[in-house]
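What follows is one structure encoded as structure tokens, with my remarks underneath.
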Amino acid sequence: MDCWQASSWRVCSAWVFLLVLDLTFDVSDSTSQSEVNKHLEMGRDLLSRGQFQDALSHYHAAVEGDPSNYLTYFKRGTVYLALGKSKFALQDLDKVLQLKPDFTSARLQRGNVHLKQAQLNEAKEDFKKVLETEPNNEEAHRGLSKVEPTRDDISLAKAFVRGRDYRAAVELITKIIEVCPWSSMLRELRADCHVALGDTMSAISDIRSTTKLLSDNTAGFFKLATLYYQRGEPTESLKEVRECLRLDPEHKDCFPHYKVVKKVDKLINDAQEAINSKDYQDCIESANKVLKVETSVQMIIFLAKEKLCHCYLHNDQLPLSLQSCREALEINKDPRILCDRAEAYINSEMFDDAIHDYQDALELDENYNRAKEGKQRAQKLQKQAERRDYYKILGVSRTASKKDIIKAYRKAAQKWHPDNFQGDEKKIAEKKFIDIAAAKEVLTDPEKREKYDNGEDPLDPEAQGNQGFNPFHHHFHNSPFQFKFHFN
């Protein structure tokens with residue numbers, strides 16, 4: 001067998017070690033021992049081909065067939081190490097040393113495992129005992145030389161954490177993990193630092209390692225579920241919390257979290273399915289239900305607001321769309337939401353705001369085609385809208401009398417007065433009201449109306465000798481309304 005074809009260096013090392021071990025130690029020719037040898041041979045063969053679990057089953061059989069033979073435990077322990085199952089490897093190595101306390105190879109192996117797990121006292125004891133019988137054992141000397149420096153580094157790393165110097169702590173813990181790669185404690189500590197630094201994906205990576213190092217790590221699965229949920233990934237959170245409940249169906253933290261995240265995940269998926277089928281009212285209902293279930297986790301609230309931004313837009317509820325878009329963007333800047341809000345602005349004939357949002361989206365993603373195309377469209381619409389249709393604004397014909405124009409103006413002004421609105425609706429009303437006031441100003445003044453009917457907007461600020469229309473200082477003659485603007 002070409003050892004370099006093994007799937008990892010640990011498997012390769014285990015295979016070579018077991019081969020040497022079989023050549024070094026003689027075995028009995030009894031019938032039962034022959035069966036044990038057969039299992040050992042098959043296990044070694046399967047291991048060399050990367051069939052780890054099958055190999056392990058034969059080593060289990062070998063141990064059962066000869067439970068008093070320290071070598072069978074040692075071989076199985078070596079396979080456990082090859083598979084990264086250090087907990088079970090330690091149990092076998094402990095058994096080996098119970099049966100044969102002077103088996104130096106097992107003690108040295110156990111010392112290395114303890115060191116990799118950052119169990120420094122145990123590692124130091126094993127290395128010292130090896131050196132008592134083999135004073136020149138280089139591997140034991142190397143292992144022992146790492147114990148105290150590692151202990152000092154761990155103490156310093158914890159001091160960094162207490163002092164909230166998380167970057168220094170992460171850098172030092174990363175160095176320590178090179179010596180102690182199987183330490184769940186160190187990975188949990190580094191994960192906490194990553195969380196404090198806002199790097200949740202690195203924290204997730206470390207915590208996931210702990211769930212592999214500790215087979216019954218329900219706390220690790222709960223942390224994973226919590227971090228994914230805080231990131232706004234309820235589907236991933238649900239997967240992790242189910243792993244926790246598989247180990248402990250009534251876990252005091254995982255079970256309550258499961259009930260919440262299951263409901264949120266379903267509602268978010270329902271909202272997305274509604275979008276896919278263009279059932280925007282159903283989308284709105286599902287997203288609003290999310291907000292009733294979850295009131296504190298910002299990224300989950302963001303998911304709901306994102307859906308509301310989009311679905312209110314396509315349901316032609318523009319003020320509610322603008323409000324939801326704004327609230328979503330306050331949590332997380334996203335090009336898609338900026339584009340949705342830009343469309344809501346376009347539909348409200350607020351082209352400057354639409355262009356601004358498309359530009360913001362392009363600053364986040366310069367290759368975002370929706371924003372590129374949207375910005376071009378908004379700029380074209382803005383040019384088309386530069387010449388306001390005052391007759392259309394008041395809803396009167398071009399032959400309307402001054403009396404009809406004033407009547408239409410009063411009705412429209414009363415309807416769209418900004419003081420009647422709040423929030424994003426107020427912004428829309430302010431624009432409409434300014435246009436209404438401008439239309440009344442032009443169409444009730446014979447000279448200005450004549451200019452307008454001849455193709456010139458007398459309120460155009462770029463027109464020669466014209467200062468433009470300023471609604472803030474405009475006096476509305478014969479108007480029963482008193483208008484006070486409160487623009488933000």
Side-chain angles (χ1 to χ4, degrees), residues 3 6 8-27 36 40 43-44 47 55-56 59 62-63 66-157 173 175-187 213-214:
C3 184
S8 73
W9 70 268
R10 288 189 303 183
V11 175
C12 182
S13 299
W15 184 84
V16 171
F17 189 83
L18 292 180
L19 178 61
V20 172
L21 198 64
D22 284 343
L23 295 174
T24 304
F25 296 94
D26 294 329
V27 295
V36 170
L40 291 173
R44 188 171 63 250
L47 179 65
L56 193 58
Y59 286 108
V63 168
D66 190 3
S68 63
N69 190 327
Y70 67 93
L71 286 177
T72 58
Y73 285 104
F74 186 67
K75 291 178 181 180
R76 187 175 68 175
T78 304
V79 175
Y80 275 134
L81 288 178
L83 299 175
K85 297 183 177 182
S86 57
K87 175 182 176 180
F88 298 105
L90 273 180
Q91 292 175 357
D92 276 351
L93 291 172
D94 288 343
K95 184 66 176 178
V96 170
L97 293 170
Q98 287 176 12
L99 294 171
K100 190 173 178 56
D102 61 346
F103 189 8
T104 301
S105 294
R107 192 170 297 280
L108 183 60
Q109 189 79 284
R110 192 175 71 173
N112 285 324
V113 173
H114 282 314
L115 179 59
K116 289 180 179 180
Q117 292 184 333
Q119 297 171 344
L120 302 181
N121 292 336
E122 294 84 348
K124 185 175 184 179
E125 183 179 351
D126 277 338
F127 290 138
K128 280 187 172 182
K129 287 192 175 181
V130 170
L131 292 172
E132 287 175 5
T133 56
E134 297 182 12
N136 297 321
N137 190 300
E138 293 184 3
E139 188 174 354
H141 277 294
R142 282 197 303 271
L144 186 60
S145 69
K146 295 177 182 178
V147 171
E148 293 307 322
T150 300
R151 195 192 307 278
D152 292 340
D153 283 345
I154 292 174
S155 296
L156 181 57
I173 294 169
K175 172 190 169 186
I176 301 168
I177 286 176
E178 293 178 5
V179 179
C180 310
W182 299 345
S183 171
S184 61
M185 177 274 293
L186 288 171
R187 292 186 184 273
L213 292 167
L214 302 174

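Predicted, not measured: the structure shown is a model, and the values here were computed from it.
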Nearest 0.5 Å, what's the OH-NZ distance between Y70 and K75?
10.0 Å
Do Q109 and D126 pass the side chain to side chain donor-acceptor pair (under 3.5 Å) test, and can you show the C-alpha distance, the side-chain angles, and the key distance before you say yes or no?
CA-CA 9 Å; Q109 189 79 284; D126 277 338; over 6 Å; no
Distance in Å, T150 OG1 paired with D153 CG, rounded so as to fall on 0.5 Å steps:
6.5 Å
Taking every non-hydrogen atom, the tightest pair across L97 and A106
CD2-CB, 4.0 Å
Would you name the heavy atoms of V130 and A140 that are closest together and state the gap between them?
CG1-CB, 3.8 Å
Give the minimum heavy-atom separation between A157 and I173, together with the two atoms involved.
CB-CG1, 3.8 Å
Could you check whether any side-chain N or O of Y73 sits under 3.5 Å from a backbone N or O of Q91, counting only pairs where one atom can act as donor and the other as acceptor?
no
Salt-bridged, D102 to K100, with N to O below 4.0 Å?
yes
Check whether R107 reaches the backbone of P101 with its side chain - one donor and one acceptor, N or O, closer than 3.5 Å.
yes
May I ask you to decide if the ring planes of F103 and F74 are parallel, tilted or perpendicular, using 30° and 60° as cut-offs?
tilted
Taking atom types as modelled, is there a side-chain donor on H114 or E122 under 3.5 Å from an acceptor on the other?
no
How far does OH of Y59 sit from OG1 of T78, to the nearest 0.5 angstrom?
8.5 Å
Any non-hydrogen side-chain atom of N112 less than 4.5 Å from a side-chain atom of E139?
yes
Testing the basics here: between A62 and L40, what is the closest heavy-atom pair and its distance to 0.1 Å?
CB-CD2, 3.7 Å
Applying side chain to side chain donor-acceptor pair (under 3.5 Å), name anything that partners N136, two or more places apart in sequence or on another chain.
none
R151 and N121: side-chain donor and acceptor closer than 3.5 Å?
yes
Indicate yes or no for a side-chain donor-acceptor contact from H141 to the backbone of P135 under 3.5 Å, with no hydrogens or angles considered.
yes
All heavy atoms of A118 vs all of I154, minimum pair found to be CB-CD1, 4.4 Å
Checking R187 side chain against P181 main chain: does a donor-acceptor pair fall under 3.5 Å?
yes
Just how far is it from atom NZ of K146 to atom CG of L120, taken to the nearest 0.5 Å?
12.5 Å
Tested for side-chain contact (heavy atoms from CB on, under 4.5 Å) against R76, the lone hit among L81, D92, L93 is D92
Does any non-hydrogen side-chain atom of L90 lie less than 4.5 Å from one of Q119?
yes
For the side-chain hydrogen bond (donor to acceptor under 3.5 Å, both in side chains) test, which of S184, S183, S86 pairs with Q117?
S86
Do the charged groups of E125 and K129 touch, with an N to O distance under 4.0 Å?
yes
Distance from K175 atom NZ to E178 atom CD, nearest 0.5 Å?
9.0 Å
Which heavy atom of L131 sits nearest to which heavy atom of N137, and what is that distance?
CD2-O, 3.7 Å
A cation-pi test, strictly: NZ or CZ of K85 under 6.0 Å from the centre of the six-membered ring of Y80 and no more than 45 degrees from its axis. Yes or no?
no
